[in-house]
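Just below is one structure, and these are the notes that go with it.
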Amino acid sequence: MIPFVDLKREYHEIKEEIDSAIQRVLESGWFILGEELRKFEEEFAKYLGVKHVIGVNSGSDALYLAVKALGIGPGDEVITVSHTFISTVDAIVRNGAKPVFVDIDPETYTIDVNQIEKAITERTKAIIPVHIYGHPADMDPIMRIAEEYGLYVIEDASQAHGAEYKGRKVGSIGHVACFSFYPTKNLGAYGDAGAIVTNDYELAEKLRMMRNYGSLKKYYHEFIGVNSRLDEIQATILRVKLRHLDEWNDRRRRIAKIYNELLEDSEVIVPVEKEWAKHVYHLYVIRHKDRDKLQQHLLKNGIKTQIHYPVPVHLQKAYLDLGIRMKLPVTERISLEILSLPIYPWLKEKEIVKTCSLICNYDKR
Ligand SMILES: *Cc1c(COP(=O)(O)O)cnc(C)c1O
């Protein structure tokens with residue numbers, strides 16, 4: 001059997017480092033807002049080339065708090081994509097603002113930059129591009145449009161730790177960016193965790209208070225905030241794993257290259273890496289016109305795959321009441337064709353070969 005992800009393989013590679021880091025936190029007797037988080041925030045900021053990192057409870061909270069801290073709420077519109085994990089859009093709706101969807105580019109599956117301007121109205125406050133699957137959105141035109149219309153750009157970098165756009169790390173380009181450290185992400189905790197990053201000092205201070213009941217000084221509250229912190233055990237785990245991130249991303253890129261080569265003569269469409277991009281392959285997503293049957297065929301042969309995502313956000317049941325009745329042809333079409341193959345730094349070459357030969361044989365049947 002080839003699992004879709006296997007975090008036990010990861011743990012066994014770094015067991016000693018992780019065990020001793022957790023031990024250190026347990027011995028310290030300090031579990032919330034301590035040295036481990038402070039150091040992780042500093043190290044991740046340095047890695048990305050940004051000034052401030054604010055650790056929070058999850059990627060979903062990071063997005064929700066980023067939208068809130070920018071003062072976006074009822075009456076405002078935020079432009080984003082429907083081809084994403086639901087949290088990107090929930091963050092807008094939970095703040096009382098309206099999501100306005102733009103279709104995606106059929107090659108990179110990120111926001112189609114040529115369709116942003118016509119979605120802008122007087123109520124538009126921000127754009128949230130998503131670096132989906134680990135491939136960056138085309139940030140230069142997005143930043144140019146944002147500047148022209150006075151909009152904020154919030155990067156959803158939850159799937160793209162270490163990915164680069166024209167040599168710059170994603171997360172360092174917009175006004176603010178959000179990361180998830182869900183266990184299976186390229187940089188993942190062993191539980192829930194997330195972070196907001198920005199170069200804006202005032203925004204960073206506001207977010208530091210927001211995540212901690214609107215308080216900087218204990219028992220003095222400036223406004224009503226939430227409890228959303230990245231705890232010391234998760235922070236120490238992330239510090240260990242951050243040291244391995246580049247090597248693990250390199251291994252993902254090598255695996256993607258092998259997949260690309262072995263699938264060359266098949267009928268599937270393989271992922272694209274634009275010349276301006278460094279893709280970190282959080283997911284390796286192919287397209288096939290017989291997707292469901294191909295998935296069944298792989299499963300029968302012991303290979304687990306997934307679909308990211310089977311239903312675009314604007315067609316989700318949770319979103320039907322919002323009355324968003326729009327057509328997003330590329331988003332809707334690819335949701336029927338996409339299939340995510342196993343990819344993680346511990347995937348073995350023979351597992352890649354087996355998966356590819358099953359796909360090639362399926363096409364020749
Ligand atoms: C994982 C993910 C999130 C949410 O992160 P959580 O930590 O699971 O809350 C948001 N956006 C995208 C694109 C994601 O992949």
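We count ligands from 1, going down the list as the structure has it; atoms in each ligand are counted the same way. The first residue of the sequence shown is numbered 1, and numbering continues consecutively from there. Remember, predicted model here, so these are calculated numbers, not experimental data.
Residue-to-ligand polar distances keep Y182 apart from ligand 1: every N/O pair is separated by 3.5 Å or more. Residue-to-ligand polar distances place S180 within reach of ligand 1: an N/O pair is separated by less than 3.5 Å. Polar contact check, G59 against ligand 1: a nitrogen or oxygen pair lies under 3.5 Å apart. By the 3.5 Å distance cut-off applied to N or O atoms, D156 is counted among the residues near ligand 1.
The salt bridge (Lys or Arg N to Asp or Glu O under 4.0 Å) test with E41 is passed by exactly one of R229, K51, K46, R211: R211.
Taking 4.0 Å as the cut-off between side-chain N and carboxylate O, E351 and R9 count as a salt-bridged pair. At a threshold of 4.0 Å, the pair D76-K98 does not count as salt-bridged, since none of the basic side-chain nitrogens sits closer than that to a carboxylate oxygen.
Figure legend: K278 and Y165 shown without cation-pi pairing, the cationic atom not lying both under 6.0 angstrom from the six-membered ring centre and within 45 degrees of its axis.
Ligand 1 lies out of reach of I132, whose nearest heavy atom is not under 4.0 Å from it.
Contacts of D192 with ligand 1, taken as heavy-atom pairs under 4.0 Å, are absent altogether. At a heavy-atom distance under 4.0 Å, only side-chain atoms of L63, from C-beta outward, approach ligand 1. Residue S60 touches ligand 1 through backbone and side chain together, judged by heavy-atom distances below 4.0 Å.
The CD atom of E13 lies 15.5 Å from the NZ atom of K8; values are rounded to the nearest 0.5 Å.
When only non-hydrogen protein atoms are considered, atom 1 (C) of ligand 1 lies nearest to K185 NZ, 1.5 Å. Scanning the protein heavy atoms around atom 15 (O) of ligand 1, the nearest turns out to be Q159 NE2, 2.8 Å.
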Name each donor-acceptor pair under 3.5 Å that joins a side chain in residues 145-155 to protein atoms two or more places apart or in another chain, with its distance.
{"residue": "Y149", "atom": "OH", "partner": "E117", "partner atom": "OE2", "Å": "2.7"}
{"residue": "E155", "atom": "OE1", "partner": "H131", "partner atom": "NE2", "Å": "2.8"}
{"residue": "E155", "atom": "OE1", "partner": "G171", "partner atom": "N", "Å": "2.7"}
{"residue": "E155", "atom": "OE2", "partner": "G171", "partner atom": "N", "Å": "3.4"}
{"residue": "E155", "atom": "OE2", "partner": "I173", "partner atom": "N", "Å": "3.0"}
{"residue": "E155", "atom": "OE2", "partner": "G174", "partner atom": "N", "Å": "2.7"}

Check residues 31-40 and write down every donor-acceptor pair under 3.5 Å in which the side-chain atom is one partner and the other belongs to a residue at least two apart or another chain.
{"residue": "E35", "atom": "OE1", "partner": "R38", "partner atom": "NH2", "Å": "2.9"}
{"residue": "E35", "atom": "OE2", "partner": "R38", "partner atom": "NE", "Å": "2.9"}
{"residue": "E36", "atom": "OE1", "partner": "R24", "partner atom": "NH2", "Å": "3.3"}
{"residue": "E36", "atom": "OE1", "partner": "T236", "partner atom": "OG1", "Å": "2.8"}
{"residue": "E36", "atom": "OE1", "partner": "R239", "partner atom": "NH1", "Å": "3.0"}
{"residue": "E36", "atom": "OE2", "partner": "R24", "partner atom": "NE", "Å": "3.2"}
{"residue": "E36", "atom": "OE2", "partner": "R24", "partner atom": "NH2", "Å": "3.1"}
{"residue": "R38", "atom": "NH1", "partner": "E42", "partner atom": "OE1", "Å": "3.0"}

